[in-house]
Amino acid sequence: ARLGGRSANARDLVAIRSTLERAGELRGLLTEAPGVLRTIREALADLPELRNMLAAALADDPPPAITEGGMIRAGHHPEVDELRRLAGSGKAVLLEMQETERRATGIDTLKIQNNSVFGYFIEITRAKAAAAPARYQRKQTLTGAERFVTPELKELEGRILGAQERLSSLERELFEALRERAAAHAGPLRRIAAELGRLDALAGLAEAAARNGYVRPAIDPAGSLEIVEGRHPVLERARPAFVGNDVRLVPWQEHVVLVTGPNMAGKSTYLRQTALIALMAHVGSFVPAKEARIGILDGIFCRIGASDRLARGQSTFMVEMTEVAHILHHATERSLLVFDEVGRGTSTYDGLAIAWAVLEHVARRLGAKTLFATHYFELTALADEFPVIRNFNVLVREWKQELVFLYKIVPGRADRSYGVQVARLAGLSPAIVARARSILEDLERRRSPASTGDVSPQLPLFGPLPDPVRKRLEDADLDAMTPLEALTLLHAMRELLKHGGKDEGFSDA
């Protein structure tokens with residue numbers, strides 16, 4: 001790009017020369033290569049004319065700036081060599097000339113000297129001044145010596161004094177002409193760079209496969225996605241004892257996997273590694289698994305993680321719903337969908353209802369291969385209604401009140417979420433954990449069929465709100481409120497509660 005823009009320096013051209021030399025070597029290495037490597041080999045022209053021109057003209061280690069000189073290789077241009085000799089060894093040139101003049105005149109005391117007034121001159125003692133040749137021009141007479149100049153000495157003086165300036169100027173001229181000629185090859189150089197990039201990417205994938213024990217995936221025209229002991233390509237490097245897991249998604253048969261289990265048990269890793277393995281297979285890479293059969297996908301859609309967009313006035317839940325809507329509008333039965341905790345950004349009832357409806361839509365209408373991780377255990381009942389949905393959970397064991405994560409995905413439903421135990425692992429104080437366990441036991445007793453006659457996905461901790469208060473809260477658009485409007489609404493709720501829930505004319509906030 002810099003070459004095409006005429007901004008390349010000498011080091012850039014040396015790099016191009018080196019690349020062309022390596023391209024020739026690569027062509028030799030790929031002589032018997034099949035498939036895409038053969039295509040790359042055929043495109044790796046080493047441009048011998050350009051390569052030889054750069055090799056002959058440029059020094060091996062030129063300076064970064066084209067105004068500093070030192071770019072042109074010794075022996076390439078006679079004038080550059082002469083100027084460089086004069087600029088770098090002017091004193092040696094003068095001594096050489098002095099010796100030449102002594103031999104020519106026979107005056108062994110002849111000296112070439114200089115000062116700021118006369119510049120360079122030949123000095124001969126007065127006793128031998130009469131032997132000076134006729135071509136010597138008298139410049140100054142001293143008590144014990146005579147000083148002369150010659151046309152050759154004046155020319156040499158000018159060449160020495162202007163050698164460095166002329167050298168820099170000439171080298172720049174020669175380099176700019178060289179760069180202009182090289183720029184005519186910009187198109188082929190771009191193609192070579194693109195093919196080297198492809199080769200580099202393929203070599204990187206090959207090295208990763210060889211080092212990490214990846215396998216070659218089979219491509220399934222029917223669209224199934226089956227992975228045996230799949231691994232996460234990044235996390236397995238940090239955890240040598242990484243636990244592999246299986247995935248099987250068959251179009252319009254068992255194409256939805258619903259994963260339940262506690263936090264930190266490995267649900268998100270399972271979802272992410274499946275998407276990554278599918279992606280790696282599509283870019284032509286071997287994959288981290290024991291075996292893999294990958295159907296061709298038209299897209300991989302992910303709804304993972306929680307974030308908000310405050311600058312756009314979008315809450316975490318709004319961002320989540322926007323992404324879910326985008327997925328459902330654009331995915332097809334040839335897509336892979338990855339959903340992690342859909343509906344967690346709102347109330348339990350709302351979140352459960354939305355997650356239920358999304359899962360139903362995927363199972364009944366969309367038909368996309370889907371991994372769906374959730375804490376809503378009620379969703380596991382959908383597997384009884386839709387044969388395309390299979391329940392899986394992450395194995396967890398309790399040992400002496402300690403929670404042990406086994407990171408193995410197995411068929412079946414999770415029996416509990418272990419949220420209190422995970423909170424203890426996260427560092428909550430023992431008092432808070434103990435209180436949380438007590439509240440949990442009370443809630444579980446209250447929601448058991450024996451005590452209430454009903455199984456509710458969410459039990460209120462407090463009594464029902466007065467009807468006017470409930471209505472105001474249900475009608476309020478909390479996501480669209482400004483902080484001042486929210487404060488006004490809160491004040492109105494408090495006044496309603498003070499008056500026993502009777503609405504006495506407060507305006508709708």
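Computed from a prediction, not measured in an experiment: that's the story for all the values here.
A heavy-atom distance below 4.5 Å is not found between the side chains of Y376 and T260. Residues E176 and I66 are in side-chain contact: their nearest non-hydrogen atoms beyond the backbone lie under 4.5 Å apart. Side chains of N391 and P411 form no contact here, defined as non-hydrogen atoms less than 4.5 Å apart. Residues E82 and E79 form no side-chain contact, since every pair of their non-hydrogen atoms from C-beta on lies 4.5 Å or further apart. At a threshold of 4.5 Å between non-hydrogen side-chain atoms, the residues K369 and S335 do not count as touching.
Across all their heavy atoms, A355 and V342 have their closest contact at CB-O, 3.7 Å.
Counting non-hydrogen atoms of neighbouring residues, nucleotides and ligands closer than 6.0 angstrom, the CZ atom of R6 exceeds 12 such neighbours. Within 6.0 Å of the CZ atom in R365, the count of heavy atoms belonging to other residues, nucleotides or ligands does not exceed 12. At most 12 non-hydrogen atoms from other residues, nucleotides or ligands lie less than 6.0 angstrom from CD of E32. Annotation for K154: atom NZ counts as buried by contact number, over 12 foreign heavy atoms lying within 6.0 Å. More than 12 heavy atoms of other residues, nucleotides or ligands lie within 6.0 Å of CG in L235, so this atom counts as buried by the packing criterion. R126 CZ: more than 12 foreign heavy atoms inside a 6.0 Å radius.
The pair R211-E207 meets the salt-bridge criterion, with a side-chain N (NZ, NE, NH1 or NH2) lying under 4.0 Å from an Asp/Glu carboxylate O. We find that E195 and R191 are not joined by a salt bridge, their nearest charged nitrogen and carboxylate oxygen being 4.0 Å or further apart. Remark: D60 engages R17 in a salt bridge, criterion side-chain N to carboxylate O under 4.0 Å. R51 and E21 are not joined by a salt bridge, as no carboxylate oxygen comes within less than 4.0 angstrom of a charged side-chain nitrogen.
Note that CD1 of I112 is 8.5 Å distant from OG1 of T100, once rounded to the nearest 0.5 Å.
Between the N245 side chain and the K408 main chain, no donor and acceptor come within less than 3.5 Å of each other.
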Apply salt bridge (Lys or Arg N to Asp or Glu O under 4.0 Å) to the pair D108 and R102, showing each step before the final yes or no. CA-CA 6 Å; D108 56 1; R102 283 182 177 181; over 6 Å; no

